[in-house]
Amino acid sequence: MRRFILIGDSGHSKVITDCITSNGDQVIAKLDDKYTERFEGEAIIKGPLSLLDQLLDENVFVVIAIGSNKVRKLLVEKLHLPLEHYGTVIHKSAIVSESAQIGYGTVVMPSAIINADAKIGNHCIINSSAIVEHDNCVNDYVHISPNTTLTGNVRIGEGTQVGAASVVIPGVEVGVWTMIGGGSTVVRNIEDHVTAVGNPAKVIKKEGLLK
């Protein structure tokens, strides 16, 4: 049984908790600076991030349980933990090819599918029922939202979010820290640091997720 500390205690952390426990693993703590002191809640330690040093050992894994791509990256940079301290979490109902690669701190939610030779970076979210097809490259801090489909040979740049129920057609590249609006169909390459929506997706703002 693996033991986990979650950084963040919100709705997103509830889903990650379910993913962890679906495999018979255990969440021992949820740390969030909305708390000012340590206490026990539902057999889980809760408290501020400053407790991490007290609770962390070589047999405990950390997951940044924050939906915001930007905040996940900022927390990783703040914590300065070795990469191997971050645990990869895959819900037992997800289907993941043996040839797929999934990075540290990444969470694969219920009923997601990751197919042959797909490469998923560190600290990503592959959300419920998302499909990442063969030979995709999904870089660090990406969020693939529920019911989204990345077809074959798609590349998604660091920090980008692909909104719920979107489709990216084969061979398309989406830039870094870009937002693809929910329900969009991406049929051509999308540049860095923009927001694109629609069918077909078009850039509506020269502003992405770090602005």
Side-chain angles (χ1 to χ4, degrees), residues 12 15-16 19 63-64 66-70 72-73 76 83 86 88-211:
H12 187 58
V15 183
I16 294 177
C19 292
V63 174
I64 309 295
I66 304 289
S68 166
N69 300 345
K70 178 181 179 181
R72 284 201 310 285
K73 183 173 184 179
V76 168
L83 196 56
Y86 290 102
T88 300
V89 177
I90 302 172
H91 191 276
K92 70 176 183 179
S93 67
I95 299 172
V96 179
S97 169
E98 291 184 1
S99 64
Q101 299 176 31
I102 301 177
Y104 292 97
T106 286
V107 178
V108 181
M109 299 295 194
S111 300
I113 299 173
I114 301 175
N115 274 328
D117 290 323
K119 295 179 181 179
I120 313 295
N122 302 316
H123 306 291
C124 294
I125 302 167
I126 309 301
N127 221 314
S128 303
S129 298
I131 299 173
V132 179
E133 267 296 347
H134 65 88
D135 299 298
N136 271 239
C137 181
V138 176
N139 283 282
D140 298 345
Y141 306 106
V142 165
H143 184 172
I144 305 302
S145 300
N147 291 302
T148 288
T149 299
L150 307 182
T151 58
N153 294 290
V154 167
R155 296 183 63 86
I156 306 294
E158 178 183 291
T160 284
Q161 180 165 354
V162 184
S166 294
V167 176
V168 183
I169 71 166
V172 165
E173 297 186 13
V174 179
V176 303
W177 298 100
T178 277
M179 178 69 194
I180 304 297
S184 297
T185 302
V186 184
V187 300
R188 59 179 63 89
N189 294 348
I190 302 292
E191 60 196 278
D192 299 343
H193 301 289
V194 299
T195 297
V197 300
N199 183 5
K202 296 180 180 178
V203 173
I204 61 167
K205 259 196 315 191
K206 298 286 187 177
E207 181 178 296
L209 294 174
L210 283 183
K211 298 293 184 179

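Below, each value reflects all heavy atoms present in this structure, side chains not excepted, and no hydrogens, waters or symmetry copies. Quick caveat: nothing in here was measured; it's all calculated off a predicted structure.
Residues Tyr141 and Val76 are in side-chain contact: their nearest non-hydrogen atoms beyond the backbone lie under 4.5 Å apart. The shortest distance between side-chain heavy atoms of His193 and Val176 falls below 4.5 Å. Between Ile114 and Ile102, the closest side-chain pair of non-hydrogen atoms falls below 4.5 Å. The shortest distance between side-chain heavy atoms of Val63 and Val107 falls below 4.5 Å.
Looking at residues two or more places apart in sequence or on another chain, you find no side chain to side chain donor-acceptor pair (under 3.5 Å) involving Asn136. Partners of Thr88 by side chain to side chain donor-acceptor pair (under 3.5 Å), not counting sequence neighbours: none found. Legend: residues meeting side chain to side chain donor-acceptor pair (under 3.5 Å) with His12, ordered by chain and number and at least two apart, are absent. For the salt bridge (Lys or Arg N to Asp or Glu O under 4.0 Å) test, residues two or more places apart in sequence or in another chain that qualify with Glu158 are Lys73. For the side chain to side chain contact (heavy atoms under 4.5 Å, CB included) test, residues two or more places apart in sequence or in another chain that qualify with Asn199 are Thr185. Annotation: side chain to side chain donor-acceptor pair (under 3.5 Å) contacts of Ser145 (sequence neighbours excluded): Gln161. The salt bridge (Lys or Arg N to Asp or Glu O under 4.0 Å) test applied to Glu173 returns no partner, not counting sequence neighbours. Listed by chain and residue number, His123 satisfy the ring-ring contact (aromatic ring centres under 6.0 Å, His included) test with Tyr86 (two or more places apart in sequence, or in another chain).
Side-chain N or O atoms of Thr151 include one that pairs as donor or acceptor with a backbone N or O of Val168 at under 3.5 Å. No side-chain donor-acceptor contact under 3.5 Å links Arg72 to the backbone of Ile64. The backbone N or O of Val194 sits less than 3.5 Å from a side-chain atom of Thr178, completing a donor-acceptor pair. Judged purely by atom type and a 3.5 angstrom limit, Asp135 has no side-chain atom pairing as donor or acceptor with the backbone of Gly152. Side-chain atoms of Asn153 do not come within 3.5 Å of backbone N or O of Pro170 as any donor-acceptor pair.
A distance of 9.5 Å separates CD1 of Ile156 from OG1 of Thr148, quoted to the nearest 0.5 Å. Between Ile131 atom CD1 and Ile126 atom CD1 the span is 12.0 Å, to the nearest 0.5 Å. Ile113 contributes atom CD1, which lies 10.0 Å from atom OG of Ser93 (distance to the nearest 0.5 angstrom). Note that the CD1 atom of Ile144 and the CE atom of Met109 stand 12.5 Å from one another [nearest 0.5 Å]. Asn69 CG to Met179 CE: the interatomic distance, rounded to the nearest 0.5 Å, is 9.0 Å. Remark: His143 NE2 to Ser68 OG distance equals 10.5 Å, nearest 0.5 Å.
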- Can you list the steps and then say if Val108 with Val89 is a side chain to side chain contact (heavy atoms under 4.5 Å, CB included)? CA-CA 6 Å; Val108 181; Val89 177; over 6 Å; no
- Query: Given Thr195 and Val203, is the side chain to side chain contact (heavy atoms under 4.5 Å, CB included) satisfied, shown in steps?
  - Reply: CA-CA 6 Å; Thr195 297; Val203 173; over 6 Å; no
- Message: Could you go through Ile120 and Val132, starting from their C-alpha distance and side-chain angles, then the distance that decides it, and tell me whether this counts as side chain to side chain contact (heavy atoms under 4.5 Å, CB included)?
- Response: CA-CA 9 Å; Ile120 313 295; Val132 179; 3.9 Å; yes
- Step-by-step side chain to side chain contact (heavy atoms under 4.5 Å, CB included) determination, Val186 to Ile169: CA-CA 6 Å; Val186 184; Ile169 71 166; over 6 Å; no
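Gly175 and Thr160 make their closest contact through O-OG1, 2.6 Å (heavy atoms, listed as atom of the first residue, atom of the second, distance). Of all heavy-atom pairs spanning Gly159 and Trp177, the tightest one is O-CE3, 3.3 Å. The heavy-atom pair separating Ser166 from Gly181 by the smallest distance is OG-O, 3.0 Å.
For residues 103-116, the side chain to side chain donor-acceptor pair (under 3.5 Å) pairs, not counting sequence neighbours, are Asn115-Glu133. Applying the salt bridge (charged side-chain N to carboxylate O under 4.0 Å, His left out) rule to pairs touching residues 175-184 yields nothing, sequence neighbours excluded. Residues in residues 185-200 take part in these salt bridge (charged side-chain N to carboxylate O under 4.0 Å, His left out) pairs, two or more places apart or across chains: Glu191-Lys206.
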Return all side-chain donor-acceptor pairs below 3.5 angstrom for residues 94-101, not counting sequence neighbours, or 'none' if the list is empty.
unit_1: Ser97; atom_1: OG; unit_2: Ser99; atom_2: N; d: 3.1
unit_1: Ser97; atom_1: OG; unit_2: Ser99; atom_2: OG; d: 2.9
unit_1: Ser99; atom_1: OG; unit_2: Asp117; atom_2: N; d: 2.9

